[in-house]
Structure formats: structure tokens, C-alpha cells
There are 2 protein chains.
Amino acid sequence: MPNETWQPPPVLLTVDLVILTLRSSTLHVLVIERGIAPYKGHWALPGGFISDAGEDIVDAARRELREEADLDATSLHLEQLGTYGRPDRDPRGRIVSVAHLAIAPGLPEPEAGTDASAASWCPVEEFTSGRRSLAFDHHQILDDGLERARTKIEHTSLATAFCDETFTITDLQRVYEAVWGFELDPRNFYRKVQAVPGFLTPVGSDRRTTRGRPARLFQAGPEHLLRPPMMRPLPPDQNPPTQSETK
Amino acid sequence: MPNETWQPPPVLLTVDLVILTLRSSTLHVLVIERGIAPYKGHWALPGGFISDAGEDIVDAARRELREEADLDATSLHLEQLGTYGRPDRDPRGRIVSVAHLAIAPGLPEPEAGTDASAASWCPVEEFTSGRRSLAFDHHQILDDGLERARTKIEHTSLATAFCDETFTITDLQRVYEAVWGFELDPRNFYRKVQAVPGFLTPVGSDRRTTRGRPARLFQAGPEHLLRPPMMRPLPPDQNPPTQSETK
DNA sequence: GCAAAAGTGTTTTCACTACACCCATGT
DNA sequence: ACATGGGTGTAGTGAAAACACTTTTGC
């Protein structure tokens, strides 16, 4: 162990953001086009350095959310995702990034032309399919953020963070389908979500904007942990053998 | 946004470790008695500064595991838990800590008197009950580590990391009971774990030395994700109302 | 034999799937 | 009327809790 007079090497700390939203029933992530080196001209996740020595990490994430995405962090879901510190992850030197996951309701228009000039929503499928790439280790961070979202909507009420203040059950179903990547039975989904105590609170009025029968409106309930959880079926690549089959 | 000539403030990075193990069917955490200020003489989680600018974060965690706990990180479960950076968390200044969770099989004896003089296993209940306290924000880190362990043994094979190379099903049940804090039915547990494909692999030879019928020995199977998961029942503080009751 | 721990069978309950069917609205 | 999306009934399936019961050891 180093002795008392030894001084540890300082590092530079950044925050990076995986900001997810739903746009026309498709999962999108906010990316920016880098204006400076390294990776100038490449796509990257929004983020930046901790601004001063007294700034809390989550406050830095909130600030970047406002500066780079023009989003109000007080009304958004925001959680820490993980810390990425591979020594070679940034060619400028030892830069450690604390990644965060943010969930926003679907905004009707892309980002207004504010401080962040080159920010835009992009379907996550562009990146997961490999058609587009991301700077630094941001592909890894995006993958981790997507996996976090997929598992968290199973047993927490995180899916409501993708919706507006009030929403229909079908709206919520679109969230699950977009995040998980497959379709669900609407009738069973309808009852399943309502059977979870505290998940949804009915609000008096209905919504009649489309044709067809008007849908009841709900808002997020008081419960954050879903019991029973909304378990996703395993993808049908192969049916797992049960205990009895090995008999 | 700061202009190009602005330099971000460097911070000091540490790693802290929540090392959990089972000792006589009780969950224990490794704590050290601090020999230097701040919090001199108080209990704290093992940890230390990143040693040089090229050291990966997880390597630093492995190094601390070896230096402070005399544990070989290659045979242990080790994962990142989260990053703690409240500006006032350390009176020495801006020190950000990347906390890790480590799981060790039950060692027969406490730590050998190696580099870490004052390290000792302590039942976690001493801290969760408030009888003992921890330095810095380590109480928060411990709570987060415990919660991570509780949820991860539900849907991953993490519980096997508490066991030796080979173990009986009852050994594994003790892990679940210690981490969750309540007892399970041994007969149902016996079948439930074996019904999860890939969770356990029977090792040919059986037996073990207690009185009573000898138990079959198993080792951890190839599957890391448990499907179906080992769901814990909700604590019986109150039975949640189902959908039909609100009718 | 008896206690203790391992392992099995069986019943009941309950959640989930699949799908037929009814309801309320716009055009 | 009929298309469209919202909402309900119900039978079949499988997982899990509860618990009686059998097996295999040490003493």
C-alpha cells in the first residue's frame, strides 16, 4: 500500500446520457454530432465534464440534460447507469464517465434549435443493427442502457416514464412492445397491468381522439415496485426443457 | 457551455468494496477499522485510491480485494455497484468512489493477518439494525449492495458464488435464506432450483458428512440467467388486494 | 429403534395464455 | 351498416405453496 505522502493521480470526470423516448411507437435515443475532436463529425451520446468541484454527479447529469437536450430534468426519470473507465476509452487521456439513463415522454417535435445544434432523435435500431456507430465506448453504454430499460420495466413502473401525464393502456402497451421488441396480446395486457396494485390510477375522463371506442385514461400510480412483475416471455428461439422431460 | 480553453476540475477516484460471505448461515460483510483520519478508529468498507492513471477501475477493485482482504479476485464474483460522488461525502475534498460488490464463499477462518491488520467479518445485521455505523457514506453503499444481492439472486445464478466449488441444495438454500432474511420450504426449494435449466449441474459423486441422509453434490451450471426466476414472496406485512376486490 | 436430514407425491391454488366475444364510437 | 379500437368471459395450461410421506444415514 502506498505510504502517507503518496498522492493519487487525479482523473477527469464526465457524465454521459442515454436518453430514451418513444416516437411513433419506435424507441429512439438522443445523439449529437460531435463538433470537435476527437471523433469530430461522429455521432455520440450527449454528455460533458463535471463543471466544478462542488457539483454533484446527478446535478451534472441534469445540467447536461438541459444544455444538450433542452429537457427539464425535474419531470424526467433519471438514474445512474454505470461508470466507464477503461484507460484507453478516450484518446485525450484518462477520462472516466458516469453514464446515466434518462426516460422522456414522446415529444411531438424534435429538439428545438437551442444550445445543442446537432442533437437529434435516432431510432435505436440504427445502432443495435450496426448500421450506425457511436464514438468512444458509447455503443457499450447504449447497450447497457437498453438492457437496463428492458429489465426495469419488468418489475418497476418505469414504463410510465415514457408516457405523458395521462395515458391509455394501449399507450403503455406500445412502450413495452417498443422496448422489448415484440408484440403483446392487447386483451391480456389490459388486465395484467390493472391487476398490479398501485401501478395505474384511473383518472375520470376518457380519450376519444381516434375512431373506435374511447379509451379510459390513467396516470402512474403510487407504487414503484410491481408485484407481481410484468414478466416478458422468453424469445421463442427454443423451448427450454422442463424438469419432467429429463426423466 | 464552457469554451475550448476551459479546463475541467480533476477529481480523485477511489474504489470501495462490499464483500459479502456466509459464515454459519449468517450474512457477513468485510469491514476494516480505519487507522488514519478522517474517521480514524471507525469501521469502513475496504477500498482505496486508483493507483495510477493507467489502471482500469475493475483492476483497482481486484487489487484492493487482494491487498485488504487477501482474497483472490479471479475466483470471486465481482461487479460494479455504483458511483458515489456527493461533494461532501469525504472531508478531505472532492473524492468520488466507484463501489463494487464482491461475493465470496464462506471462508472457514477470518482473514489471515496479512496486509490488512484490522479487517474482520461482521454480520450485516449489526449495520442494518443501526447497532454499528460506518464511515463516510458507506452505510448507503452497503444498503445498495445488499439490495443488489437480494434482487440478483432472484434471476441470476449469483447465489452459487456464495458456495464452494461443489455444494448441496441445502447449502444453496441457506444462501437464499440469509440474503433474503426469511426461511424457505426445503422440499419446494429442492425441486424449484433443479427445475431451472442450466442452474445446477450434478457432480457424479454424492454425499457429505453430517448425520442424516447424504446429499447429492452439485456445482454451478452453465446458465447465468435463471428462467424461470427464483421469485421471493413478498413479506407478509399485508396481503395486496387483487383486481377482483376493487369491483 | 430413533432422530435428523434428504428427497418424493399429491392436492389446491393461482397466474398466464389464447381466443371467442361484446361494447362504443366515427364515418 | 360497418370498420376500428376498447374491454370482458372463460377454458386450458403450467408453476408454485402446503404438507403428508418415504428414504438413508449416524448414534
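Letters A, B, ... are given to chains in the order of the sequence lines, protein chains preceding strands, and every chain is numbered from 1.
Remark: side-chain polar atoms of A/Thr160 are not paired, donor with acceptor, to backbone N or O of A/Ala220 under 3.5 angstrom.
When rounded to the nearest whole Å, the span between NZ of A/Lys192 and C1' of D/dG6 equals 19 Å. Spacing between atom CG of A/Asp185 and atom C1' of D/dG9 amounts to 14 Å, rounded to whole angstrom units. B/Tyr176 places its OH atom 13 Å from the P atom of D/dA17, with the value rounded to the nearest Å. Regarding A/Asp171, its CG atom lies at a distance of 11 Å from the P atom of D/dG7, rounded to whole Å. As rounded to whole Å, 14 Å separates atom P of C/dA5 from atom CZ of B/Arg213. For A/Phe167 and D/dG6, the CZ to C1' distance is 16 Å, given to the nearest whole Å. Distance, B/Met230 CE to D/dA17 C1': 13 Å, rounded to whole Å. In this entry the distance linking CD of A/Gln194 with P of D/dG7 reads 8 Å, nearest Å.
Taking only side-chain nitrogens and oxygens, B/Arg216 comes nearer than 4.0 Å to OP1 or OP2 of C/dT8. For the pair B/Tyr190 and C/dA6, the criterion of a side-chain N or O lying under 4.0 Å from OP1 or OP2 is not met.
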Every protein N/O within reach of nucleotides 10-13 of chain D N/O, cut-off under 3.5 Å:
residue: D/dT10; atom: O4; partner: A/Arg191; partner atom: NH1; Å: 3.3

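Of the residues near DNA chain D, B/Arg211 and B/Pro228, the one whose nearest nucleotide (by heavy atom distance) lies more toward the 5' end is B/Pro228. Remark on DNA chain C: of its neighbouring residues A/Gly212 and A/Arg187, the 5'-side contact belongs to A/Arg187, judged by nearest-heavy-atom nucleotide.
Annotation: B/Phe189 is in aromatic contact with B/Tyr176 [ring centroid separation under 6.0 Å].
A side-chain N or O of A/Tyr190 and one of A/Arg216 form a donor-acceptor pair less than 3.5 Å apart. Judged purely by distance below 3.5 Å, without hydrogens or angles, the side chains of B/His138 and B/Gln140 never pair a donor atom with an acceptor atom.
Surrounding CD of A/Gln219 are more than 12 heavy atoms belonging to other residues, nucleotides or ligands, all under 6.0 Å away. B/Arg211 CZ: 12 or fewer foreign heavy atoms inside a 6.0 Å radius.
Which of D/dT24, D/dG7, C/dA24 sits closest to the side chain of A/Pro214 comes down to C/dA24.
Across all strands shown, B/Thr170 has heavy atoms under 4.0 Å from sugar-phosphate atoms exclusively, and none from any base.
Side-chain contact check for B/Asp16 versus B/His100: every heavy-atom pair is 4.5 Å or farther apart.
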